[in-house]
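To keep things clear, I will list the structure first and then write my remarks on it.
The shown structure was predicted, so the numbers you read here are calculated from the model rather than taken from an experiment.
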Amino acid sequence: MTPPSQSYKAGARLLHWSMAILVIAMVPVGFLMIQKGLDRSLQNNLFIFHKNVGVLLLILIVIRIIYRWRNAPPPEPTHLATWQLKVAGATHWLLYTLLFVMPVAGYVRVRAGGFPIEALDAMGVPALVPKSKELAAFAKSVHFYGGWAIAILMAMHIAAALRHGLIKRDGVFSRMWPTKP
Ligand code: HEM
């Protein structure tokens with residue numbers, strides 16, 4: 001059993017799992033909605049979901065970065081090899097970076113392209129970037145390559161978490177699980 005001081009705080013776990021569920025939906029929806037020949041109304045709904053949940057994720061990642069800065073994570077598990085800690089640390093920081101870059105690039109791609117973001121439009125939030133074909137194309141490339149990068153990193157992250165939780169059962173998984181051990 002992991003002592004409570006070895007677990008992430010409740011706020012960190014809430015942010016982790018709420019974002020995890022949303023991002024796991026965002027990636028396949030992002031790839032699916034751009035497929036040719038997709039039913040038009042399904043495509044529209046997927047775009048509306050993706051753009052608006054993406055903006056919510058941008059707000060959540062800003063809160064998460066501030067939370068992480070103000071609340072130190074628990075100490076690293078002592079039984080892991082140095083290389084494992086290094087790979088885990090690098091994966092986590094790359095995920096944080098992509099979780100910020102992806103919604104910003106998506107936002108810029110849509111706004112610079114002159115398209116709506118329904119929730120922001122309903123609240124009267126104006127576009128924060130000018131309309132520009134070049135800017136929209138640049139943001140589109142960043143979003144596309146970032147989409148593949150985040151999919152690969154998430155697969156690595158989930159595989160490592162499942163290995164700890166189901167095979168090694170060494171308490172690493174329960175540090176982030178919603179209920180305290
Ligand atoms: C964590 C947040 C996000 C993730 C993980 C994500 C992921 C993806 C992925 C994997 C794709 C398919 C690859 C591509 O063509 O780019 C995609 C496409 C797209 N995403 Fe996102 N996205 C996020 C946030 C956003 C936001 C905030 C917006 C806009 C407000 C947005 C708008 C779009 C658009 C318009 C496309 C189609 C790209 C095109 O072909 O023009 N995304 N997204």
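For K168, the NZ atom is densely surrounded, since the number of other residues' heavy atoms within 6.0 Å is greater than 12. Within 6.0 Å of CZ on F100 lie no more than 12 heavy atoms contributed by other residues, nucleotides or ligands.
Atoms CD1 and NE2, from I150 and H143 in turn, are 9.5 Å apart once rounded to the nearest 0.5 Å. Note that the CG atom of L58 and the CE atom of M102 stand 12.0 Å from one another [nearest 0.5 Å]. The NE2 atom of H16 lies 11.5 Å from the CZ atom of R68; values are rounded to the nearest 0.5 Å. Atom CG in L80 sits 8.0 Å away from atom OG1 in T78 (nearest 0.5 Å). Between R40 atom CZ and L42 atom CG the span is 11.5 Å, to the nearest 0.5 Å.
The shortest non-hydrogen separation linking P116 to V110 is O-CG1, 3.6 Å.
In this structure, the side chain of Q84 engages the main chain of A81 through a donor-acceptor pair within 3.5 Å. Side chain of Y107 to main chain of L128: a donor-acceptor pair is present (N/O by atom type, distance under 3.5 Å, no hydrogens or angles). Listed for the S132 side chain is a donor-acceptor partner under 3.5 Å among the backbone atoms of L135. In this structure, the side chain of R111 engages the main chain of F115 through a donor-acceptor pair within 3.5 Å. Between the side chain of Q43 and the main chain of M33, a donor-acceptor pair closer than 3.5 Å is present. Of the possible polar contacts, none joining the W93 side chain to the A88 backbone as a donor-acceptor pair under 3.5 Å is found. A donor-acceptor distance shorter than 3.5 angstrom exists from the side chain of N52 to the backbone of A119, with no hydrogens or angles considered. When atom types are taken as modelled, the side chain of R13 and the backbone of Y8 share a donor-acceptor pair closer than 3.5 angstrom.
For the pair M176 and W17, the minimum side-chain heavy-atom distance is below 4.5 Å. Residues L120 and V55 form a side-chain contact, since some pair of their non-hydrogen atoms from C-beta on lies under 4.5 Å apart.
Here the two rings, on F31 and W148, have centers that are under 6.0 Å apart.
In this structure, F47 has no ring pair (Phe, Tyr, Trp, His ring centres under 6.0 Å) partners at least two apart in sequence or on a different chain.
Note: the hydrophobic cluster containing L166 also contains M154 (ILVMFWY, side chain heavy atoms under 4.5 Å, direct or indirect links).
Paired with L153 under the rule side chain to side chain contact (heavy atoms under 4.5 Å, CB included), one option of T97, L95, L99 passes, and it is L95.
Clustering of Ile, Leu, Val, Met, Phe, Trp and Tyr by side-chain heavy atoms under 4.5 Å joins F138 with V101, V142.
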